[in-house]
Visitor: 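Take a look at the following structure, please.
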Amino acid sequence: MESKTFSYNASEKLKSRKLLNRIFAEGKSINAYPLKVLYLISETTTKQNLAGVGVSSRHFKKAVERNRIKRLLRESYRLNKNILGDAVFENQQLIVFFLFTGKDLSDATLISEKLPLLMQKIVQSIQNKNAN
RNA sequence: CUACAAACCCGAGCUAUCGCUCCAACGCAAGUUGGGGAGGAAAGUCCGGACAGCAAAGGGCAACCCACCGGUUAAUAGCCGGCAUCCUCUUAAACAGGAUAGAGAUAGUGCCACAGAAAAUAACUACCUCCAGCAAUUGGAGGAAAAGGUGAAAAUGUGUGGUAAAAGCACACAGCCUUACAGCGUAAUCUGUAUCGCGGGUAAACCUUGGGUGCUGUAAUGCCAUGUAUAGGAACGUUUGAAGGCGGCUCGUUUGAGUUCCAGGGUAGGCAGCAAGAUCCUGUAAGUAAUUACAGGGCCAGAUAAAUGAUAGUUUAGAAACAGAAUCCGGCUUAUGAGGUUUGUAGUUUU
């Protein structure tokens, strides 16, 4: 378990087209410029959180820039994913999708400080809901 | 040697920690260990192929593309070599270097800014002849492209004859051009002789001539799995042919029992294609070269929301440019930091 703390491999990535459509349709969103996060709690048997990242190709026409941002997002998630930890119940799965809403590549430097902040907000809002 | 320009080469190294993806081995498994992991343009998608499907890929028209010759190649609009024309340099010429949108303007149609009389079946001024008129620097009719000026371009140039004045009107020489013959060359072309002829440019305007192209594009395509429905309604039809295929149209040809619409439902996952190839490196040989042949060696990304990264330190040169594979190759075009190499700007010969 110890070695998996900072991992982010294929089983943790949000891949299913179905789930992606669902999270855009039903997911709740929290903003924190230059980021926006969509999250969703799903009933499941496997307790494994899923995460995905995305950049608008409208604002970033060059593939190099999009790759750069997605890498930074993934890296940030990988280093901070323990914040989410056990926010949800045993038979539930937390699905998150990070969107970069900034319009300039220079905004990407903010990712490393804003992304953990967003994750804490998610945990908070889930706990509030459970308390109610 | 310095500066500028162009072409080509190169496209950052090392250490530590945390990660991603593919392959192999081991393991019941979790996983562990080892190895591979973006580019010269991966880009633009502008050409050319491979491959696949459309029935077996046919004729005509349309559309599009190409346009001196030869070679090269799987193929090309690429590349290599040659020819022609133009430009640079020069008083001039040859060499050298550069460019080419290099079939046809004598098939036809159109267009040619400004200036100019006129931009194409040329008459403004000046010239000549005739008529009118007392005469005039007058008026009218005609001849005439020799002179003037305008323009990027003005009816091939010079001379002589000729004439009222003139004119390729005639002749001589020259230039261009058509055709024929001869010679060098595979050919374009070049040279020579004879000959028809001489009314500009533009085909990157339509067009004509010659040649070529079937269309689509790996989200192609084939297979497996899952799921449903053999539910329901309407129209047309089964040799008296519904509906299609041959992806522009048409001719022709061909399949032959289902097809279309309404309403409703399901799936959207895997495998192949798909990574050993017109392959890369080295050497030898052939060729002016592009390129080819042979020999030896190497295996060098393969994802599917999409891997190749992050942090810290350090070195060069300062926070290292342009930039990210998606079926695969060959080219073209464009972007590109620092450094390096070569070439040119400023060349040679004759007079």
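None of these values were measured; they are calculated from a predicted model. Proteins get letters first, then strands, A, B, ... in listed order; numbering begins at 1 in each.
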Visitor: Between B:G19 atom C1' and A:K70 atom NZ, what is the distance in whole Å?
Guide: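 My rounded result for the distance is 18 Å.
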Visitor: For A:I69 and B:A306, give me the distance from atom CD1 to atom P, rounded to whole Å.
Guide: 15 Å
Visitor: So which nucleotide does B:A115 pair with, by the Watson-Crick or G-U wobble rule with both distances under 3.5 Å?
Guide: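 When the pairing criteria are applied, nothing turns out to pair with B:A115, so the answer is none.
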Visitor: Taking syn as a glycosidic torsion within 90° of 0 and anything else as anti, which one is B:C171?
Guide: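 Anti, angle beyond 90° from zero.
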Visitor: Show the distances under 3.5 angstrom between N or O atoms of the protein and N or O atoms of nucleotides 320-325 of chain B.
Guide:
{"from": "B:A323", "atom 1": "OP1", "to": "A:K62", "atom 2": "NZ", "distance (Å)": "2.7"}
{"from": "B:A323", "atom 1": "OP2", "to": "A:K62", "atom 2": "NZ", "distance (Å)": "3.1"}
{"from": "B:G324", "atom 1": "OP2", "to": "A:V64", "atom 2": "N", "distance (Å)": "3.3"}
{"from": "B:G324", "atom 1": "N7", "to": "A:N67", "atom 2": "ND2", "distance (Å)": "3.2"}
{"from": "B:G324", "atom 1": "O6", "to": "A:R71", "atom 2": "NH1", "distance (Å)": "2.9"}

Visitor: Quick check on B:G265: syn or anti? Syn means the glycosidic torsion is within 90 degrees of zero.
Guide: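 Chi for B:G265 falls in the anti range.
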Visitor: Watson-Crick or G-U wobble partner for B:U73, using a 3.5 Å limit on both distances?
Guide: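 Pairing partner, where one exists within any strand: none, as none qualifies.
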Visitor: If B:G139 has a Watson-Crick or G-U wobble mate with both distances under 3.5 Å, name it; if not, just say none.
Guide: B:C131
Visitor: Applying side chain to side chain donor-acceptor pair (under 3.5 Å), can you list everything that pairs with A:T101, at least two apart in sequence or on another chain?
Guide: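 Result, side chain to side chain donor-acceptor pair (under 3.5 Å) vs A:T101: none returned.
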Visitor: Residues two or more places apart in sequence or in another chain: which of them pass side chain to side chain contact (heavy atoms under 4.5 Å, CB included) with A:S29?
Guide: A:K36, A:L38
Visitor: CE/A:M119 to CG/A:L35 distance, rounded to the nearest 0.5 angstrom?
Guide: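 It comes to 11.5 Å.
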Visitor: Measuring only the P atom in each nucleotide, how far is B:G58 from B:G201? A whole number of Å is fine.
Guide: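 Their P atoms lie roughly 45 Å apart.
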Visitor: Scan for salt bridge (charged side-chain N to carboxylate O under 4.0 Å, His left out) pairs involving residues 67-76 of chain A, sequence neighbours excluded, and state none if there are none.
Guide: A:E75-A:R78
Visitor: Could you state the atom-to-atom distance from CZ of A:R74 to C1' of B:U311 in whole Å?
Guide: 17 Å
Visitor: Taking for each residue the nucleotide of RNA chain B with the nearest heavy atom, is it A:L79 or A:L72 whose nucleotide lies nearer the 5' end?
Guide: A:L79
Visitor: Between A:L99 (CG) and B:A305 (P), how many Å, whole number?
Guide: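 Spelled out: CG on A:L99 to P on B:A305 is 17 Å.
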Visitor: Going by the glycosidic torsion and a 90 degree boundary from 0, is the base of B:A38 oriented syn or anti?
Guide: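 Base orientation: syn.
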Visitor: Nearest-Å distance, CZ (A:R78) to P (B:G309)?
Guide: 13 Å
